[in-house]
4 protein chains.
Amino acid sequence: MQQKGRRSRAAVPALAGNARMARQAERRGAILAAALEEFAASGFAATRLDDVARRAGVAKGTIYLYFNDKEHLFQELVRAELSPIVGAVATPQMAQLPPQAIAEIIADIFVREIFGTRRKDVIRLVITEGARFPKLAEFYYHEVIERVMTALRPILTRAVERGELPNDALARFPQLLVAPALVALVWNSMFDRFAPLDVRDLMRAHLDLLFGERTSSGKSARNSPRNSL
Amino acid sequence: MQQKGRRSRAAVPALAGNARMARQAERRGAILAAALEEFAASGFAATRLDDVARRAGVAKGTIYLYFNDKEHLFQELVRAELSPIVGAVATPQMAQLPPQAIAEIIADIFVREIFGTRRKDVIRLVITEGARFPKLAEFYYHEVIERVMTALRPILTRAVERGELPNDALARFPQLLVAPALVALVWNSMFDRFAPLDVRDLMRAHLDLLFGERTSSGKSARNSPRNSL
Amino acid sequence: MQQKGRRSRAAVPALAGNARMARQAERRGAILAAALEEFAASGFAATRLDDVARRAGVAKGTIYLYFNDKEHLFQELVRAELSPIVGAVATPQMAQLPPQAIAEIIADIFVREIFGTRRKDVIRLVITEGARFPKLAEFYYHEVIERVMTALRPILTRAVERGELPNDALARFPQLLVAPALVALVWNSMFDRFAPLDVRDLMRAHLDLLFGERTSSGKSARNSPRNSL
Amino acid sequence: MQQKGRRSRAAVPALAGNARMARQAERRGAILAAALEEFAASGFAATRLDDVARRAGVAKGTIYLYFNDKEHLFQELVRAELSPIVGAVATPQMAQLPPQAIAEIIADIFVREIFGTRRKDVIRLVITEGARFPKLAEFYYHEVIERVMTALRPILTRAVERGELPNDALARFPQLLVAPALVALVWNSMFDRFAPLDVRDLMRAHLDLLFGERTSSGKSARNSPRNSL
DNA sequence: TATGAATGAGGATTCATTCAT
DNA sequence: GATGAATGAATCCTCATTCAT
């Protein structure tokens, strides 16, 4: 009935020395890494904290020293993994480049910084669990989507005005620039065993589609000086 | 997911009369419809058969008369909803049309037959749960993806050969044709409350991007005789 | 994060037949009886529903078919046991009797209906857990205390006016009439092994104290025609 | 309650200097004070040593330097708080006074030394947890109950012989002398919010009941020279 | 067939106690 | 002595599945 107001556990325990601090960060990291693996493999609901603890090499109770509960663990996981990357896409220098160069940079970042790392799994988790975690969707929208969109739109709009783009489709829907990345993420987790998809090639083809390249045909394109994907 | 020794039960109870048969189909349908709502709202793991039963207006045990277990219910659900649509995309007549017309038809089908119906939720479920349900992914791959790809690839390849397409990107990666549809599905379930996305416009812009349309700007495009989306 | 509104479980499952109904009542009763024993023996916090289930001869989950949770089980237990007795003390007929007769009746009820039954444990539970269960205290106050007080006060006040009582102490504090009952309950659960206390004698002595009886000395008093305790 | 093999630890850590000794006593006191507050608020089982430590301003582990475990802490708490008071009631001088004076002194002690202090909470804890802590009940019985009874009985018996009391009820059941105090303790913790109870008035009324006072009526009685409660 | 009460394995969370620093 | 991070046993509660009616 009446509960003593459960004081929210410190997200990070108070530290004393410095070795302590390092140890703490290490443990927290281990838990997050283990959680990522488990959540990615089983989804939020089906993941057992028992397994996370085992994989992280800590006791079940230890998780609760670092995270309030399963849900907080999940959300912090997404935050921790995604926060760093946000800045990369939205650098002011990009504004100076032609749209094609920007598209190539974005594709490159996706391939190397997301698809090539465990961030791939984090974003997949956002996609698969986002609808059930409004806060997560909100965080992702404001921290990632909105920022990227805000950075891209004026650049693309200007490109349209300068005649660097055939029409305003991209300026109105910057999402179209990254749609193939989404396809890659989903395909990779579901259909790769039936028909492996080379993300690099997919992204390159996407760029060809948007920015002309009249030739291309798989391997040969790799020699093209145009992109370094 | 993990199955214990479960003796397989008849998927459909034995029938006698004809009214009985109708009643059976009706019940089965009610359960599937209820299941779709619940699974779509909560995901596979978090959905309670109790809720499905209540929504379907049957007793919990009745579900087990029509489906072996929760997992079978889920998979049959996807099968039942998606089987009908598969044929539509892969009609032989389409082979005769120019790629732009085909793309428009596909976009149109997506907007009207998927996004405008509860199939939207089914496909979303495939996306969010597919990685955890190999059988589901397999079914979806063979029944939907593969068929569509098989139908599209030769058409697009021929179009490339005829010079109707600027390069072979689409022929190599027909996925690029439907990538925006995936974006729409995901966006709609997660970010619509922050920034609603008009699927029709998105698909139209996508077509503009692929097939030229040098002008366009939202509403005005709607009068364009090109597409009927 | 977001929880599907947990619909409160039916306190009593819907019934169909009549044997069902009987069976239900029986089970519910068995659980309540088992719960009383366990709660009485260990207190609310230290009681395990596992033990309650075992003692009641049902599965753990079954408890939740009849009660929302541990707390509801506890409260319903008190309600179920106490509700019947309330009426007994506050009968209108009592208003006609002289205060001494009333006191004797109350003492008698206490000895036979409470102390001699498992209601003794229920009231003890109210005493030991009441402070931690405001709702329980409230229920007990309104259903028992208040009713008894409301019934007694006017009677005692009138008795004072009629000169049947030496002063208004009892009228102002009817609690003094039942104080020894409280002593008996507490003593019985804690000190009986050191010095057993005969409740009957205690109550009789209490009455002697209040209403004169100039002699008395344990056993002999039992022959007194005055009370039938 | 149930103990596992626990090697008994020094109840008080070894001391060296004198400041150290003071510091120790201070800490021990702080822990006991904190424990009292927490136990009083939540009961034994629901109290967390974490909260006790926080309130005492020490680390959780520190509690274990001063007390073997939660149970010992609880018992020492009761001991520490009650030991001082025991002597007060059982002074030899009292033997000379008339029963009414003694009753008044006892009532006075209760109101001022128990009800007006945190000892109220300690006794309440004995009442609510005693049944679950045989050792505690035993301690309380021997250190408090028995002593008081031993001191009172001969006095009351003599008073009966001298005809200072109308009958031997009180001599046989000295508990009747303190029953209202128990009522006050219980009422205060459970029903005060519904109907506040003035302990002083209650005790006074009780004395009136026992020793005659033919008039009285609330406030006015306070001017009565008879008692100084 | 249909029901829904009953089951019990499963999993999140808590907290007394330990022990390395 | 003190600390507080770590442990893991303990326990509440859920829900897929079964089965007597």
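A note on names: the letters A, B, ... follow the listed sequences, proteins ahead of strands, and every chain is numbered from 1. Keep in mind the model is a prediction, meaning the values are calculated, not measured.
Taking side-chain N and O atoms only, Arg27(A) has a distance below 4.0 Å to OP1 or OP2 of dA6(F). Residue Tyr64(A) places no side-chain N or O under 4.0 Å from the OP1 or OP2 atom of dC15(E). Of the side-chain N and O atoms in Arg48(A), none sit less than 4.0 angstrom from OP1 or OP2 of dT13(E).
A distance-only check finds no donor-acceptor pair linking the side chain of Glu76(A) to the backbone of Phe67(A) [under 3.5 Å].
Between Leu36(A) and Leu125(A), the closest side-chain pair of non-hydrogen atoms falls below 4.5 Å. Inter-residue side-chain proximity for Leu73(C) and Leu32(C) is flagged as met; some heavy-atom pair is nearer than 4.5 Å. Annotation: side chain of Thr62(A) is in contact with side chain of Tyr66(A) (closest heavy-atom distance under 4.5 Å).
Both Val58(C) and Val58(B) lie close to DNA chain E; mapped to their nearest nucleotides by heavy-atom distance, the more 5′-ward contact belongs to Val58(B). Mapping Phe44(C) and Thr62(D) onto DNA chain F via the closest heavy atom, the residue that lands nearer the 5' end is Thr62(D). In this structure, Ala45(A) and Gly61(C) both approach DNA chain E, and ranking their closest nucleotides by distance from the 5' end singles out Gly61(C). Between Leu49(B) and Lys60(D), the residue whose closest nucleotide on DNA chain F is further toward the 5' end is Lys60(D).
In this structure, Lys70(A) reaches the sugar-phosphate backbone alone: every heavy-atom distance under 4.0 Å involves primed, P, OP1 or OP2 atoms, never a base.
Where pairing requires Watson-Crick or G-U contacts shorter than 3.5 Å, the helical stems of DNA chain F with at least three consecutive pairs are E:2-21 with F:2-21.
If you measure from atom CG of Asp51(A) to atom C1' of dG10(E), you get 12 Å, rounded to the nearest angstrom. With rounding to whole Å, Glu38(A) atom CD is found 15 Å from dA12(E) atom C1'. Computed from coordinates, the Ile63(B) CD1 to dC15(F) C1' distance equals 12 Å when rounded to whole Å. Rounded to a whole Å, the CZ atom of Arg23(C) is 12 Å from the C1' atom of dT7(E). Met21(A) places its CE atom 17 Å from the C1' atom of dT21(E), with the value rounded to the nearest Å. Leu65(B) has its CG atom 12 Å from the P atom of dT18(F), to the nearest Å. Between the CG atom of Asp50(D) and the P atom of dA16(E) there is a distance of 8 Å, given to the nearest Å. Here dT3(F) presents its P atom at 17 Å from CD of Gln24(A), a figure rounded to the nearest Å.
One finds no salt bridge joining Arg124(D) and Glu81(D) here, because no Lys/Arg side-chain nitrogen approaches an Asp/Glu carboxylate oxygen to under 4.0 Å. For Lys70(C) and Glu38(C), the salt-bridge test fails: no basic side-chain N is under 4.0 Å from an acidic carboxylate O. Ionic pairing of Arg118(A) and Asp121(A) is not present here: no N-O contact between side-chain nitrogen and carboxylate oxygen is shorter than 4.0 angstrom.
In the set dA2(F), dT17(F), dA5(F), dT17(F) carries the atom at the smallest distance from any side-chain atom of Asp69(B).
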